[in-house]
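Please read the structure below before turning to the comments.
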2 protein chains.
Amino acid sequence: MGVSLRDVALLAGVSVKTVSNVVNGYAHVSAATRAKVEYALSQLDYRPNLSARNLRLGRTGVIALALPELDPPYFAELSRFVIHAAAGHRWIVVIEQTDGSLERERQVLDGVRDHRVDGVILSPVAIGAEELAARIDDTALVLLGERIYDGPADHVAIDNVRAAREVTEHLAGLGRRRVAALGVQDDPATGTAALRLAGYAEAVAAHGLPRLTAAVERYSRAEGAAAMARLLAEPEPPDAVFCFNDLLALGAMRTVLSSGLRVPEDVALAGVDDIEDGRFSTPTLTTVAPDKAELARTAVELLRRRVDGGPGGPPREVRASHRLVVRESTVGPAQTPSPA
Amino acid sequence: MGVSLRDVALLAGVSVKTVSNVVNGYAHVSAATRAKVEYALSQLDYRPNLSARNLRLGRTGVIALALPELDPPYFAELSRFVIHAAAGHRWIVVIEQTDGSLERERQVLDGVRDHRVDGVILSPVAIGAEELAARIDDTALVLLGERIYDGPADHVAIDNVRAAREVTEHLAGLGRRRVAALGVQDDPATGTAALRLAGYAEAVAAHGLPRLTAAVERYSRAEGAAAMARLLAEPEPPDAVFCFNDLLALGAMRTVLSSGLRVPEDVALAGVDDIEDGRFSTPTLTTVAPDKAELARTAVELLRRRVDGGPGGPPREVRASHRLVVRESTVGPAQTPSPA
DNA sequence: CTGAAAGCGCTTACAG
DNA sequence: CTGAAAGCGCTTACAG
């Protein structure tokens, strides 16, 4: 192996403890001793062995971020923020892709008991609140997403119902009379689709508008495109569509445009997530932007509390902020730079 | 802490060594002993402490995947494959975002010496071959990307010159007479832009076509859009553009469409990377698809060799395969499903 | 086939 | 302010 504390101690003519003190920046080391040790440290180019330190300290310095998949833009963007936030706590982040499988989600949770990671930030898909409650005795865990609210672990999410209501109201406020909701799913009451549908329903009811919905299996461009095609095929197609995420909206946009209709003139479109793609689509996409940095920071801080403080009180439900970002897909081109 | 080998040994009435043998699946354990041990193991729900095992074994079970950023779709998609490939070697993957900073790249490389990770898969931006050679004495390292060829470490990439030639030839073969290259940069001879420009130059020269180029600072949609605007503003604009990656191409597409021109009728567009976005843009995007799974698998295997085998011979230069995927942005709609 | 013991490198009471 | 020693949990020669 490499250079150990013992090697440094030998060279500096002090004890291992003293070297450890210097390395860890403890006070109460005489200037002379410190100088000797620091000289030896640099002379030998000492690097602490993190495996040893972690064994001693009973931690790993690693946390897991478990997502269904990494490549949907929303998850990739969120991951970036989580990695940054974790670095601030001297944690490195292992990305675990669960593919939404129950078995994989269980494995990730086991990572804590295997001393593989100090804690887990999980965006659950398959695992239920009951099983979670049963298996996370001492597992530091923070939940993300819309799957489990008021569950057995800390949870951070935006206010989905309010966000959905706001987008729908924006659409209605533009004078649209047939505002559809695209992305309905047969999920539990606290699922993403259910919450966004609830917010949509509140808004259309308040405006006395009809309720139009299109269901999907997955939140992908392809499903968004197909669902939009079904909406357009109806006798009275919508003049605005609130898509439950940006990917669906981008797929829907493709369908609208390729059927010769215009966005937003014929159909206004809005999504959720504020992924980068929507800023560069033609037209650019109106969306709900969750504060991803805040989401990430909060999740990491909650995890830090659990790791440091043991059990530490009942699970916390935290709301992160969001804002409506209005772009061309609902209000038309503003000052789009017209090339040539 | 939790349950240790010693606790299991006590309960089973055997030595720690024997429990370790059973846990690690060594042969030569009598059936009776094995049964006793396994009973105790499950009774106590034993979990090996990976920190301890790693300290003893001198490894961490973690590798780093260091990329400039995670959210460009190409990197997100590639990461997913790397994580899968690494799992096959019982490695978990820490994603390190370097932001292209030299300091961050150095830190990541230090991770090996800190016993934080067993090895690093790095897509370098700032660090040069010379510095790399100087600092990677015993660091297991595999390079990705186009920045460093024939450097001091193993390297995997597709054949960029050939790929660029193939796309350009596809464009020329369609009868386009003014094929531009979008994405030129002032980078070293082995940089992405230089290699793709070389392939492009070979092809246009072979077809007796003029050489038209547009430079960019970064490979983003925004820069692609801006560079395309400059090309369209020229007296004789191109009728086809080979964009050095898909993001640039998607940006360019936005510019072409919003200036009232058609893709591919007026301007054919092609990119590189085969990111998912290009499969759902309007029109869908012709591109060079690197075999990302092969890239990832090869990188992980090379790393495994270095970690297991010590130095193990001179650096290897490996080519991963790619293929041209022809879509609407060069040949027009084929059987696009026309809704309603 | 199984056991007793050493040691990986670190941190931390406990003395002095 | 500094040192000698124990111990985190594991694996591995070395015996028997």
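What you see is a predicted model; the values in this text were computed from it and never measured. Throughout, a chain's letter reflects where its sequence line sits, starting with A, and its residues are numbered from 1.
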Inset, instruction - Take atom CG of Leu55(A) and atom C1' of dC8(D), then tell me their distance rounded to the nearest Å. - result: 4 Å
Inset, instruction - Calculate the interatomic distance between Asn49(A) atom CG and dC8(C) atom P; express it in whole Å. - result: 11 Å
Taking only distance into account, with no hydrogens and no angle test, what donor-acceptor pairs under 3.5 Å do side-chain atoms of residues 81-90 of chain B form with protein atoms, sequence neighbours excluded?
| residue | atom | partner | partner atom | Å |
| --- | --- | --- | --- | --- |
| His89(B) | ND1 | Arg304(B) | NE | 3.4 |

Legend entry - Tyr149(B): partners by ring-ring contact (aromatic ring centres under 6.0 Å, His included), with sequence neighbours left out: His155(B)
Inset, instruction - Would you name the heavy atoms of Ile158(A) and Ser321(A) that are closest together and state the gap between them? - result: CG2-O, 3.7 Å
Legend entry - side-chain contact (heavy atoms from CB on, under 4.5 Å) against Asn24(B), all qualifying residues, sequence neighbours excluded: Ser20(B), Tyr26(B), Arg53(B)
Listing, residues 120-127 of chain B side-chain donor-acceptor contacts under 3.5 Å, not counting sequence neighbours, or none:
none

Legend entry - Pairing annotation in dot-bracket form, given for DNA chain C with Watson-Crick or G-U pairs under 3.5 Å and | for cross-strand partners: |||.||||||||.|||
Legend entry - Pairwise ring pair (Phe, Tyr, Trp, His ring centres under 6.0 Å) hits with a residue in residues 56-75 of chain B, at least two apart: none
Inset, instruction - Produce a footprint string for nucleotides 11-16 of chain C: one letter per nucleotide, 5' end first; B if the base is under 4.0 Å from any protein heavy atom, S if only the sugar-phosphate is, - if neither. - result: BBB---
Inset, instruction - Go through dC1(C), dG9(D), dT2(D) for me and flag the one nearest to the Ser30(A) side chain. - result: dT2(D)
Inset, instruction - Measure from the side chain of Ser15(A), starting at C-beta and using heavy atoms only, and say which of dT2(C), dG3(D), dC10(C) lies closest. - result: dG3(D)
Legend entry - Residue closer to the 5' end of DNA chain C, Thr18(B) versus Ala52(B) (nearest nucleotide): Thr18(B)
Legend entry - salt bridge (Lys or Arg N to Asp or Glu O under 4.0 Å) contacts in which one or both residues fall within residues 72-88 of chain A, not counting sequence neighbours: Glu77(A)-Lys292(A), Arg80(A)-Glu69(B), Arg80(A)-Asp71(B), Arg80(A)-Asp99(B)
Legend entry - Residue pairs involving residues 123-133 of chain A (criterion salt bridge (Lys or Arg N to Asp or Glu O under 4.0 Å); sequence neighbours excluded): Arg106(A)-Glu131(A), Glu131(A)-Arg135(A)
